[in-house]
Amino acid sequence: MDVEKQRELIRLWNRLRKVEGPAAEEIRIQILEMFGERGTSKRAA
């Protein structure tokens, strides 16, 4: 993961800690998508 993606992940994580409900779920999805791009997505069904 390059530095820019790491920074974006940190920004998303910090936003996630401050919100609840649908907004938090959207941020979780964005984080999972970032890991999915890396090819190591480990989502539990």
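Computation of the quantities below employed the complete heavy-atom set of this structure, encompassing side-chain atoms and omitting hydrogens, waters and symmetry-equivalent molecules.
- What you find for I27 and L12 is that their closest heavy atoms are CG2-O, 3.3 Å.
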Problem set entry | Test side chain to side chain contact (heavy atoms under 4.5 Å, CB included) applied to M34 and Q30, step by step | CA-CA 6 Å; M34 286 185 71; Q30 290 177 20; 5.8 Å; no
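- Taking the side-chain hydrogen bond (donor to acceptor under 3.5 Å, both in side chains) definition, one finds that E8 meets it with R11, sequence neighbours left out.
- Considering only residues two or more places apart in sequence or on other chains, A24 meets the side-chain contact (heavy atoms from CB on, under 4.5 Å) condition with L16, V19, R28.
- Applying the side-chain hydrogen bond (donor to acceptor under 3.5 Å, both in side chains) rule to E20 yields no partners; only residues at least two apart in sequence or on another chain are considered.
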